[in-house]
Structure formats: structure tokens, C-alpha cells
2 protein chains.
Amino acid sequence: MSFASIPPMVRRSRSVGAEVAAHLERLITSGELRAGDRLPAERELAASLNVSRASLREAMFELESKKLIERHQGRGSVVAEQPEGVAQLYENLSELDVEIANATELRDLVEPRIAQLAALRAADSNLISLEEVLARSHAELSPEESLALDVEFHTLLAHAAQNPLLVTLCTMTTSWTRNTRELGHRTRQGREVSFRGHQAIYEAVLARRPAPAGAAMERHLREVREVSSRQGAHPEPA
Amino acid sequence: MSFASIPPMVRRSRSVGAEVAAHLERLITSGELRAGDRLPAERELAASLNVSRASLREAMFELESKKLIERHQGRGSVVAEQPEGVAQLYENLSELDVEIANATELRDLVEPRIAQLAALRAADSNLISLEEVLARSHAELSPEESLALDVEFHTLLAHAAQNPLLVTLCTMTTSWTRNTRELGHRTRQGREVSFRGHQAIYEAVLARRPAPAGAAMERHLREVREVSSRQGAHPEPA
DNA sequence: GGTAGTCATTGGTCAGACCAGTGGGCCCAC
DNA sequence: GTGGGCCCACTGGTCTGACCAATGACTACC
């Protein structure tokens, strides 16, 4: 096992701590250090790497935040077991993916509630607007037209819930998830699924039945997501 | 802007650095520190927090790795731009002139979900923070202290849900419903009800049981509202 | 044989010094 | 008056060495 000193010339672009962290990370990922291996004491390791203990500790912080090592006062530090599974999967998502996931999570929370409240509170004018949008919706539309009507339906529904905050949230989640939703409208089947979902929601709202309206919205979101995910593993539509 | 010293009694379960990092993170995500704000110099900030520069720097490393701050040698550290979604949400919502009823409706929707997600996703550090707040909470506190801890508990719980958008929503609904919530903390009984509710929620989260956590939150919101409305009907100063 | 105390080891924290970019202000030459 | 260049205060980066606190093995005692 070599904790040999780091080549000095390298020390320009990164901080000493980052340099050391990269060095140790390489030792771990390359297999020179295995999960469960005990690292030398900080003072010792710092000396053998020709850095101060402060810089070494900076590196340790970084490695710990990456969950590559575990540190225990009085016991020392060991190379962590490599976590695999859902948690790790979540870690590996890009920032963009995480943001979309967060927005989707919020949408899944808000939209069913909007449907419920719309069923309770929709004014006649709201119902008329919704019906007009549905009348213009069918599977033969272009993807762009279909997406526009999709957005309009959900926005009108939010208005029918008579809570401006929910309208704002609907608008925002719509803009964040637009790219994903666009995928769903690319195919005739996708447009059909979306359209039928809206229809079911509308009927429950018209019948003033909050619970079925919320359930219909949940089903709609689920179905649309399935269609979208089938459509594209490439979330860049331009 | 208060970088006031951290309550000393808390320093048991976590390192000083982690404590400071949590403190600063709360300042940032709660909006007290806005994107682009310049942080005090390390020496200065360490002094005002009563910690060594080494510990302060440990906290800074953590915040930087979370991309909450950016640091530049010779120039200082600034609060990083929030993810676009959070910034947009914050901006759009803070412009609204909000009715309390609408805000309450949103809160009733969001908070139970936050509790559920916290039960699924809370990290150890989240749990420690929550427990610390509970340890400081009891019915004998002043109304102001009690309300502050109430707000802190819900904010920390939102963090534990690991969705920045939910944190922002929690922050906004809190600021809108603050006056109403203040009523509930005026009486000893009100503070007791609030505290017990938080405890029940925390226990469900700690046990990783999402459904009971959500149910406990719903019960908590209901109970607190009853107390507040009783109080609002017959206002009796402390 | 078990138990309580001891102590070396390890990470945690602190204080203070000096190094190394950064940027604004000052001064001089033009 | 203006431009350029130097200087210096300020900020983060790094190092040193000291002491605190948790851990666990070892030891002496019962």
C-alpha cells in the first residue's frame, strides 16, 4: 500500500486538500484500498503525503461527504462499503434530473388536490371553459397543439379550485415539467391517453365528486408519465 | 442579519463544524441570506459564531460541496444562486397578496406530504437537528420562543424531505400563517399541544413510517388550529 | 473470573502565524 | 487631467503545534 507523497508539480490548479482527496479517491476506486480497510492515522497519513494535517482533514471531509470513507473519533477512519441500490441511484442523477424529480413530486402532490377542490368549487364559467378545451382536444392534433391544450386544461382546472396559490404552483410545475410532458404528446397514443384522462377528470368535477376527481387526476398523471417514459430516454427535445 | 452564536447546549451529538454548517444552511434556505449575499470573512464569522476558524472552514467545505456557497481566494464567499426552480418559486410566491385561507389550504396539503417524505428520506443529520429542537421545546417557554421553535421544527422537517421546492413552500406558508400560529402559542395549553404534536411526528419519522407521520401531521395541524381559533375568539394575553 | 480503572491512540478543536490571490486606491509620468 | 503601474489592506489557503474527548485494550484489583 503506497500513500506515497503526491507529485509536487501537480499542485497548481487545485487546493492541496482537493489534490489529496483526488489521490485517495483514486486509491479507493482503483481497488488499492478496499472497503473495510483502515486508513493510517491522520497525523501519520498527513506526514507520508507531505501535507499538513489541516489539508489532510479537508480531503477527509470531502471523501466523507462522498461517503467513500467513515470516520470515528478514537477509532480511526475506514474505507466505506460502496453503497449500491436506490440511494446510490439517486446520488448519480444529474442536477437537472433531480430538479425535474423535485418538480414532478410537487406536481403529483398539487394536481390531485386541485382536482378535488375544483370539484367542490368550480363555478359555471370554469366548467364552460374546461368543456371548451376538451371540445377542441382530440388525438389528431399536432404535438404542439395537444401540449398547449394539455397545459390549458390543467391551468383552467387550477383556476376552478379558486385558490390563487394553487394556480401559481400549477403554472410553475407546468413550466418545469414541460419538456417531459412534451414527450408524451409526440405519439397519437400519448395524445389519446392525455385527452381521455382530462375527460375523466372533467366528468368527476362536473359531477361534483371530489374524491373521484382526485383519483382520476392521479391516474392521469401516472398514465401520462408511463407514456412519456416509453417515448424518450432522451430528455432533450430542443 | 444575525450570525448570532449558536445555542451552546446543543453541542452534543454533532461536530462543531456540522453544527455551524446546519446553522448557516438554515439561514440560506430560510431566505435570511439571499443568493449573491456576501458572507463575512472567515475570521470574522468564526469569531461571531464563537468557533475556531478551522471548524468554520469545515462548515464552509460542507456548504460548498452542497453548492450553497461559492468561495474565492482573496475575494470572499458568497451565497450561491439557488437552483432555478427554487428561485422562481420564491419569487412568484412572494409577489402574491395571499389570503390566509388560501395559505392554510396549501399548508394542509404540503405539510403532511413533507412529513411522509421526511420519514422516507431523512438523513441522520436531519434527525439530530429535529431532536435538538424538540429537546429545547417545552410548555414553559415564552410564546415567542415557542413560536420560533415551532417554525424551526417544520422547516427542519421540510429539509428532511430532501426537496428544496417543499422547503420553499414550507417557508412561504409559514410566513403567511405566522399571525394565526402566534395565537396558538399564547397559552400554556397551546404550546403543550404544539409540542406534543411535533413529538408524535418526530417519532413516526424516526421509525421511518411515512403513513403515520403524515397522519400525525394532519392531526397536529387540526389540533393547533383548534387551539388558535379558541384563542382568537377569546383573546387573553399571557 | 469478572470488573473497574488506566492509558496510549485516534479523531476533534483551537489559536496563531504566514502564504497567496484580489482589487481598490494612491502616486507618478505623461 | 489621464493613464498606467505600484502598493497595501483584505480574503481565503496552508501550516504548526498544542490540547480536548472518545475509544478500546490492557491491567490491577476484588
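Keep in mind that this is a model prediction, so the values were computed, not measured. Residue numbering restarts at 1 for every chain, and letters A, B, ... go by the order of the sequence lines.
The CZ atom of B:R26 sits 4.5 Å away from the CD atom of B:E152 when rounded to the nearest 0.5 Å.
A side-chain N or O of B:H185 and one of B:D150 form a donor-acceptor pair less than 3.5 Å apart.
One atom, CD of B:Q73, and another, P of D:dG12, lie 10 Å apart when rounded to the nearest Å. One atom, CD of A:E58, and another, C1' of D:dG13, lie 8 Å apart when rounded to the nearest Å. Atom pair A:E19:CD and D:dG13:C1' shows a separation of 14 Å (rounding to whole Å applied). Computed from coordinates, the B:E64 CD to D:dG13 C1' distance equals 12 Å when rounded to whole Å. Here C:dG11 presents its C1' atom at 15 Å from CG of A:L63, a figure rounded to the nearest Å. Put simply, CZ on A:R71 is 16 Å from P on D:dA22, counting in whole angstrom units. In this structure, the CG atom of B:L45 is 12 Å from the P atom of D:dT11, given to the nearest Å. B:E70 places its CD atom 16 Å from the C1' atom of D:dT11, with the value rounded to the nearest Å.
Between the side chain of B:R43 and the base of D:dG12, a donor-acceptor pair under 3.5 Å is found. For C:dG12, the base has no donor-acceptor partner in the side chain of B:R14 [N/O atoms by modelled type, under 3.5 angstrom].
We find that B:R14 and B:E132 are joined by a salt bridge, their nearest charged nitrogen and carboxylate oxygen being less than 4.0 Å apart. Using a cut-off of 4.0 Å between Lys/Arg side-chain N and Asp/Glu carboxylate O, B:R71 and B:E42 are scored as salt-bridged. Using a cutoff of 4.0 Å between basic side-chain nitrogens and carboxylate oxygens, B:R196 and B:E192 are scored as salt-bridged.
Mapped onto DNA chain D by nearest heavy atom, B:E42 and A:H72 fall at different nucleotides, with B:E42 at the one closer to the 5' end.
OP1 or OP2 of C:dG23 lies within a sub-4.0 Å distance of a side-chain N or O belonging to B:R75. Distances shorter than 4.0 Å separate none of the side-chain N or O atoms of B:R53 from OP1 or OP2 on C:dT13. Between B:S55 and C:dC14 there is a side-chain polar atom (N or O) within less than 4.0 angstrom of OP1 or OP2. Look at A:R57 and you'll find a side-chain N or O under 4.0 angstrom from OP1 or OP2 of C:dG12. Within the 4.0 Å cut-off from OP1 or OP2 of D:dT11, not a single side-chain nitrogen or oxygen of B:S77 is found.
Out of D:dT11, C:dT13, D:dC15, the shortest distance to the side chain of B:A41 is found at D:dT11.
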